[in-house]
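Structure first, commentary second.
Because only heavy atoms are used, hydrogens play no part in the values below, and waters and symmetry mates are left out as well, while side chains stay in.
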Amino acid sequence: VPETMSSDSLISGLLILCFLVMTFSFSRISGFIGRQIKDFFYVQKGEHSVQETGDEINIQIIFSVITCLTCSLLYYLYVLTTVDDTFVFSTEHLLLGVIFLIMAGYFLLKFLLYTMVNTIMFDASGNKKFLTSFIFLLSMEGVLLFPVLLLLAYFQFPIQAAAVYTFLVVFFFKFLTFYKTYVIFFAQKALYVQIILYFCALEMVPLLSLWGGLAVIVNHLRVIF
């Protein structure tokens with residue numbers, strides 16, 4: 001990671017803001033997180049078992065935005081370290097803005113796809129359970145990725161080790177999403193082929209498209225001498 005990254009006022013400001021928001025939010029919804037984790041591995045039949053308050057819903061949305069920003073910063077640092085540091089923009093911060101918009105579009109598209117497909121294929125009770133778990137997983141993914149972002153920005157953490165850690169975290173949350181999808185929608189019907197197709201279409205294809213799309217866009221924005 002470039003040495004100037006730790007002295008970048010915008011990056012430092014974003015990291016400090018995210019840290020303060022996460023610290024404050026954890027103090028407000030620590031009990032809710034415990035209930036969510038308990039409910040995640042024990043799915044009750046019938047109505048949704050975890051009732052969120054307005055504050056808890058708002059904080060999860062904030063955590064989801066932080067996850068999007070954390071993923072954007074990680075890819076931004078990856079690009080500056082392994083790809084190039086000269087782009088068509090007058091400032092590299094515009095590149096970060098482009099990456100953030102793409103990440104935000106990716107997460108929003110996933111949410112819309114899940115909502116549309118699940119509304120057609122499954123009942124309302126199962127959809128509510130899954131969307132609650134989906135937002136919770138999205139929120140917690142950023143929490144686990146944030147420490148490695150701090151290490152990259154301030155402690156010269158190797159980018160290769162950061163990439164491995166990020167891959168493991170993403171894989172872990174994909175596995176949890178697969179598990180939750182199975183126990184809510186497919187366990188009682190034993191539809192093993194269908195869940196693989198469902199998971200690949202709504203998780204793996206968008207993820208691979210995101211990675212390929214970011215690579216193409218970044219390559220077009222580079223200044224090639």
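Counting all heavy atoms, side chain and backbone alike, Val21 lies closest to Ser25 at O-OG, 2.7 Å. Smallest separation of non-hydrogen atoms from Tyr76 and His93: OH-CD2, 4.1 Å. Listed here is the closest heavy atom pair of Ala201 and Pro206: O-CD, 3.4 Å. What you find for Ile184 and Gly126 is that their closest heavy atoms are CG2-O, 3.6 Å.
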Identify all side-chain donor-acceptor contacts of residues 68-75 below 3.5 Å with residues at least two apart in sequence or on another chain.
unit_1: Thr70; atom_1: OG1; unit_2: Ile66; atom_2: O; d: 2.8
unit_1: Ser72; atom_1: OG; unit_2: Cys68; atom_2: O; d: 2.8

Please tabulate, for the side chains in residues 97-110, all donor-acceptor contacts under 3.5 angstrom to protein atoms that are two or more places apart in sequence or on a different chain.
unit_1: Lys110; atom_1: NZ; unit_2: Glu203; atom_2: OE1; d: 3.0
unit_1: Lys110; atom_1: NZ; unit_2: Glu203; atom_2: OE2; d: 3.1

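When ring centroids are compared, Phe171 and Phe178 stay outside the 6.0 Å threshold.
The hydrophobic side chain of Val205 is isolated, with no ILVMFWY side chain under 4.5 Å apart from it.
Judged as a side chain to side chain donor-acceptor pair (under 3.5 Å), and not counting sequence neighbours, the contacts of Asn118 are Tyr198. Under the rule for a ring-ring contact (aromatic ring centres under 6.0 Å, His included), Phe24 has no partner lying at least two apart in sequence or in another chain.
There is no path of hydrophobic side-chain contacts, each under 4.5 Å, that joins Val65 to Phe111. Residues Leu17 and Leu149 share a single hydrophobic cluster, defined by chaining ILVMFWY side chains whose heavy atoms lie under 4.5 Å apart. Note on Leu168: it does not cluster hydrophobically with Leu207, by side-chain heavy-atom contacts below 4.5 Å among ILVMFWY residues. Hydrophobic clustering of Ile, Leu, Val, Met, Phe, Trp and Tyr side chains at less than 4.5 Å, counting indirect connections, unites Met204 with Val170. In this structure, Phe167 is not a member of the same hydrophobic cluster as Leu77, with clusters built from ILVMFWY side-chain heavy atoms closer than 4.5 Å.
Residues in residues 123-146 take part in these ring pair (Phe, Tyr, Trp, His ring centres under 6.0 Å) pairs, two or more places apart or across chains: Tyr114-Phe130, Tyr114-Phe134, Phe130-Phe185.
Residues Leu15 and Tyr154 are in side-chain contact: their nearest non-hydrogen atoms beyond the backbone lie under 4.5 Å apart. Annotation: side chain of Leu96 is in contact with side chain of Ile11 (closest heavy-atom distance under 4.5 Å). Proximity of Leu138 to Phe173: side-chain heavy atoms (C-beta onward) are nowhere separated by under 4.5 Å. When side chains are defined from C-beta on, Phe157 does not count as touching Leu150, because their heavy atoms never get closer than 4.5 Å.
Between Trp211 and Tyr78, the ring-plane angle classifies as tilted under the 30° and 60° cut-offs.
Taken to the nearest 0.5 Å, the CD1 atom of Ile59 stands 12.0 Å off from the OG atom of Ser64. Once rounded to the nearest 0.5 Å, the distance linking OG1 of Thr166 with CD of Glu141 reads 9.5 Å. Taking CG from Leu144 and OG1 from Thr67, the interatomic distance works out to 9.5 Å, rounded to the nearest 0.5 Å. Atom-to-atom distance recorded for Leu137:CG and Phe175:CZ is 12.0 Å, nearest 0.5 angstrom. Between Thr115 atom OG1 and Ile120 atom CD1 the span is 11.0 Å, to the nearest 0.5 Å. Between atom CG of residue Asn127 and atom OG1 of residue Thr132 there is a gap of 10.5 Å, rounded to the nearest 0.5 Å.
Judged purely by atom type and a 3.5 angstrom limit, Ser139 has no side-chain atom pairing as donor or acceptor with the backbone of Phe63.
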